[in-house]
Amino acid sequence: MRDETLDAADAARLHDAFPADNPPEPVSLDGAMPLPAKGTAASALALAVAACGGGGSSGGGSPPTGGTPPPTFLKPDTDAQAARFILHASLAASPAAIADVRARGYEPWLDSQMALANDQTAEQFFVARGYDAVDSNQYYFNSGIGDRMIWKQLLSGNSGVRKRVALALSEFFVVSLNSIDISWRSQAMGYYWDQLNSHAFGNFRDLLEAVTLNPAMGVFLNTLGNRKADPRTGRVPDENYGREVMQLFSIGLYQLNPDGTVRAGSNGNPVETYTNEDVTGIAKSFTGYDYDYTGVTFTTAPGSTNQVQSPRYVRQPMTADPAKWRRPGTTSFHADDAKTFLGTTIPAGTGAAETLRLTLDTLFNHPNTGPFFARQMIQRLVTSNPSAAYVQRVAAVFANNGSGRRGDLRAMFKAILLDDEALAATGLTDNRFGKLREPMLRFAQWGRTFGAASASENWEIPDLSDSAGRLGQSPLRSPSVFNFFRPGFVPLNTQAAANNLVAPEFQLVNESTVAGYVNFIERTIDGSGFWVSDVKAAYTDELAIAHDAPALLDRLDLLLTGRQLSQATRDLILGAMNAEAVTQASDDVTKRRRIHIGVLLVMVANEYLVQK
């Protein structure tokens, strides 16, 4: 990154992007206006807060520019700019992080955060609580502990940038706790989450292989136990993973230009990337795999409900080596005939390991993979409708990190977060820019911002997917392999649809979810919620300034929105906060009432729900 001086080339590029005679149309992604919860005065006011609509501070400063980085690093001019950047990159902002970004600059801060390992892995979470052993009745500790693990990961701990990226990856390489019917299922999902974390800033090719051989994925998309064709019985290889690894995890349905736009054929229609024959051919590559039972202990004690005494086998990559299976004397089930797909032919007789290498290399090196993946990661972290130029810049870094390496995820995610389009103040006033905050991100931000802690230390939060009485979304619990929402989703009869914009997260929005969210978050904020009764926020720093309503609102606006609340919204919230009389001598119960009002009304405001 460099300083904010515009040279002639930069000025021309910005003029082309936003010419004076073609300003951004007054289009809005807003539309998540919550309904008031019944019987609560604060929630009733939430509707009025949301109705105040857009606006917010500009963030200050000139739009950052691209180009060859000199020795100096770009730094934010204001706390608001720093907070906005952190909220794109991480799960929550804090005064300390804001000060650090301002002192060091965007890129050095991001480098330091990317270098942090996960402070506690899923495996460590389970082991520390005794969840990795069967009880005296040979039953697993399994029910709900996967939800406890992932909420603990998101609501607390360090490595917020790594976890934010891992969460984005979990919505691209989807495996759902809802649909993996195996023993030690929570531990299997924990291992999947740990792999997303460990590979988040590694190489895409390594991540793709880790995902392919992961036992949870093997069960979810039928790679586990997938066998070669048997002409005697008519059995053919299962095509589920072969299809989805192309459609969803690498190249997509249609051929793309380097900027992510769909390439049209001579008839004007999109050109498909693969055919049914490609699916049939690539499916053979994923045959012959099963659990690796190396080091796993079994028991056949009378009355035991399960023979596997530890979850070790769900934490080891699947193997095509029959010697590592539990069935002694079995032979390979890997298809040894020739495999042809996507212009690649793997000769007959090629072993499983070499076949997998050649198959994944083909997907990794496909020209679609960079722009297909880059666009969706931009959507998850920054904006639903990135410009084609933004996608092309990020895809170019995927293709070459500057040192000749393809698939460098660290370099690619830095390119996403440090791009001009992500940092420029123009995004704050361009109604085409931004995205709806997912419910699980709002909940995670609440926990981290206000010091949430678990009374039991077990983080006893269940599946929160229900939209009527709970949050309406739970991490690692997508309803299908297509994630909670599609990247190209367009809400019908909206300004977004009229202006050819997508709004993926709005696939979660309906009359039930918006009312359910207000109810859930209100009870979570004030500590009365049944579903999260084990986890409560401390509000330590907020209690110290609760008597000063303007100062409290300034803090909430900065940490939750990056100071993007409009003046009309601020006035409305401040009036509600002042209706609760509080002095410096007031007790904590009284102070908390004011804090709860302020936090709730910010977290249901449109300027919060739509992240810029």
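Basis for what follows: all heavy atoms, side chains included, without hydrogens, waters or symmetry-related copies.
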### Query
With side chains defined as the heavy atoms from C-beta onward, is the minimum distance between Gln507 and Arg486 less than 4.5 Å?
yes
### Query
Once the angle between the rings of Phe413 and Phe201 is folded into 0 to 90°, is it parallel (under 30°), tilted (30 to 60°) or perpendicular (over 60°)?
perpendicular
### Option from Arg432, Gln611, Glu505 for which side-chain contact (heavy atoms from CB on, under 4.5 Å) with Ser384 holds
Glu505
### Distance, nearest 0.5 Å, that separates CD1 of Ile461 from CG of Asp147
9.5 Å
### Task
Side-chain contact test, heavy atoms from C-beta onward, threshold under 4.5 Å: evaluate it for Thr524 versus Trp531 and give yes or no.
no
### Task
Would you check if Pro76 and Val101 make a side-chain contact, meaning some heavy-atom pair closer than 4.5 Å?
yes
### Query
What's the spacing between Arg563 CZ and Leu428 CG if we round to 0.5 Å?
13.5 Å
### Message
For Ser467 versus Thr513, what's the shortest heavy-atom pair and its separation?
### Response
CB-CG2, 3.4 Å
### Task
Taking Lys612 for its side chain and Asp430 for its backbone only, find out whether a donor-acceptor pair lies under 3.5 Å.
yes
### Query
So, does Thr273 use its side chain to make a donor-acceptor pair with the main chain of Ile251 at under 3.5 Å?
no
### Query
Is a side-chain donor or acceptor of Arg162 paired with a backbone partner of Asn197 at a separation under 3.5 angstrom?
yes
### Query
Nearest 0.5 Å, what's the OG1-CD distance between Thr449 and Gln445?
4.5 Å
### Query
Just by modelled atom types, is the Tyr390 backbone N or O under 3.5 Å from a matching donor or acceptor in the Ser387 side chain?
yes
### Query
Just by distance, do the side chain of Asn458 and the backbone of Glu460 share a donor-acceptor pair under 3.5 Å?
no
#### Entry: pair Phe433-Val382: side-chain heavy atoms closer than 4.5 Å
yes
### Task
Give the intermediate values and the outcome of side-chain contact (heavy atoms from CB on, under 4.5 Å) for residues Leu572 and Leu601.
CA-CA 9 Å; Leu572 192 58; Leu601 295 182; over 6 Å; no
### Task
Kindly confirm or rule out a cation-pi arrangement of Arg148 over Trp459, judged by NZ or CZ under 6.0 Å from the six-membered ring centre and within 45° of its axis?
no
### Message
Between Gln113 and Ser90, is there a side-chain donor-acceptor contact under 3.5 Å, judged purely by atom types and distance?
### Response
no
### Message
Is the ring pair Phe443/Phe520 parallel, tilted or perpendicular, if the boundaries are 30 and 60 degrees?
### Response
perpendicular
### Task
Verify the distance criterion only: is there a donor paired with an acceptor across the side chains of Gln567 and Asp571 at less than 3.5 Å?
yes
### Donor-acceptor side-chain pairing of Tyr191 and Gln187 below 3.5 angstrom
no
### Task
Report yes if the distance between the aromatic ring centroids of His366 and Phe372 is under 6.0 Å, otherwise no.
no
### Task
For the residue pair Phe373 and Phe173, categorise the inter-ring angle as parallel (less than 30°), tilted (30 to 60°) or perpendicular (more than 60°).
tilted
### Query
What are the two closest non-hydrogen atoms of Arg448 and Gly160, and how far apart are they?
NH1-CA, 4.3 Å
### Message
Atom CG of residue position Asn493 - does it have more than 12 heavy atoms of other residues, nucleotides or ligands inside 6.0 Å?
### Response
no
### Query
How far apart are the closest heavy atoms of Gly370 and Ala395, and which atoms are they?
C-CB, 3.9 Å
### Task
For Asn368 and Gln255, test the side chains for any donor-to-acceptor distance below 3.5 angstrom and give the result as yes or no.
no
### Message
Determine whether a donor-acceptor pair (N or O, by modelled atom type, separation under 3.5 Å) exists between the side chain of Asp238 and the backbone of Asn240.
### Response
yes
#### Entry: Evaluation steps, side-chain contact (heavy atoms from CB on, under 4.5 Å), between Val219 and Val175
CA-CA 9 Å; Val219 173; Val175 175; over 6 Å; no
### Task
Compare all side-chain heavy atoms of Leu221 with those of Phe249 and state whether any distance is below 4.5 angstrom.
yes
### Query
Can you say whether the rings of Phe172 and Phe204 are parallel (under 30°), tilted (30 to 60°) or perpendicular (over 60°)?
perpendicular
### Query
When you check the side-chain N and O atoms of Thr569 and Ser566, is any donor under 3.5 Å from an acceptor?
yes
### Point-to-point distance, once rounded to the nearest 0.5 Å, from CG of Leu409 to CG of Leu169
7.0 Å
Solution key, residues 553-560 side-chain donor-acceptor pairs under 3.5 Å, sequence neighbours excluded:
{"from": "Asp554", "atom 1": "OD1", "to": "Arg570", "atom 2": "NH1", "distance (Å)": "3.3"}
{"from": "Asp554", "atom 1": "OD1", "to": "Arg570", "atom 2": "NH2", "distance (Å)": "2.6"}
{"from": "Arg555", "atom 1": "NE", "to": "Glu542", "atom 2": "OE2", "distance (Å)": "2.6"}
{"from": "Arg555", "atom 1": "NH2", "to": "Asp541", "atom 2": "OD2", "distance (Å)": "3.2"}
{"from": "Arg555", "atom 1": "NH2", "to": "Glu542", "atom 2": "OE2", "distance (Å)": "3.3"}
{"from": "Asp557", "atom 1": "OD1", "to": "Thr561", "atom 2": "OG1", "distance (Å)": "2.6"}
{"from": "Asp557", "atom 1": "OD1", "to": "Gln564", "atom 2": "N", "distance (Å)": "3.3"}
{"from": "Asp557", "atom 1": "OD1", "to": "Leu565", "atom 2": "N", "distance (Å)": "3.3"}
{"from": "Asp557", "atom 1": "OD2", "to": "Arg570", "atom 2": "NH1", "distance (Å)": "3.0"}

### Task
Ignoring hydrogens and angles, tell me if any N or O in the side chain of Thr494 forms a donor-acceptor pair with the backbone of Ala497 under 3.5 Å.
yes
### Query
Hey, are the side chains of Leu441 and Leu167 touching, using non-hydrogen atoms and a 4.5 Å cut-off?
yes
### Query
Looking at CG of Leu177 and OG of Ser465, how far apart are the two atoms once the value is rounded to the nearest 0.5 Å?
9.5 Å
### Message
I'd like to know whether Tyr241 forms a side-chain contact (heavy atoms from CB on, under 4.5 Å) with Val211, so could you lay out the CA-CA distance, the side-chain angles of the two residues, the decisive distance to 0.1 Å, and finally the verdict.
### Response
CA-CA 11 Å; Tyr241 187 74; Val211 163; 4.2 Å; yes
### Query
Does the side chain of Gln153 pick up a donor-acceptor pair with the side chain of Asn118 at under 3.5 Å?
yes
### Message
Please determine whether side-chain contact (heavy atoms from CB on, under 4.5 Å) holds for the pair Ile86 and Ile98, giving the CA-CA distance in whole Å, both sets of side-chain angles, and the decisive distance to 0.1 Å.
### Response
CA-CA 8 Å; Ile86 294 168; Ile98 289 168; 3.9 Å; yes
### Message
Here's one to test your reading of the geometry: is the NZ or CZ of Arg442 within 45 degrees of the ring axis of Tyr517 and under 6.0 Å from its centre?
### Response
yes
### Query
What distance separates Asp194 CG from Met189 CE, expressed to the nearest 0.5 Å?
11.0 Å
### Query
So which heavy atom on Val502 is nearest to which on Pro487, and how close?
CG2-O, 3.8 Å
### Task
Find out whether Leu508 and Pro439 are in side-chain contact, i.e. whether some heavy atom of one side chain is under 4.5 Å from a heavy atom of the other.
yes
### Message
For Pro386, is there any backbone N or O sitting under 3.5 Å from a side-chain donor or acceptor partner on Thr383?
### Response
no
### Query
Should the pair Asp119-Lys163 be classified as a salt bridge under the 4.0 Å nitrogen-to-oxygen rule?
yes
### Task
Please list, chain by chain and in numerical order, all residues satisfying ring-ring contact (aromatic ring centres under 6.0 Å, His included) with Trp193, sequence neighbours excluded.
none
#### Entry: Taking every non-hydrogen atom, the tightest pair across Pro462 and Trp151
O-NE1, 3.5 Å
### Message
Give me the atom names and distance for the closest heavy-atom approach of Arg185 to Ile180.
### Response
NE-O, 3.3 Å
### Query
Does NZ or CZ of Arg129 come closer than 6.0 Å to the centre of the six-membered ring of Phe125, within 45° of the ring's axis?
yes
#### Entry: Side-chain donor/acceptor of Thr369 to backbone N/O of Leu363, under 3.5 Å
yes
### Query
Is a side-chain N or O of Thr261 found less than 3.5 angstrom from the main chain of Asn257, in a donor-acceptor match?
no
### Query
Checking Arg592 against Tyr539: charged group under 6.0 Å from the ring centre and within 45 degrees of the axis?
no
### Query
If we only count heavy atoms from C-beta on, is the Phe484 to Gln473 side-chain gap below 4.5 Å?
yes
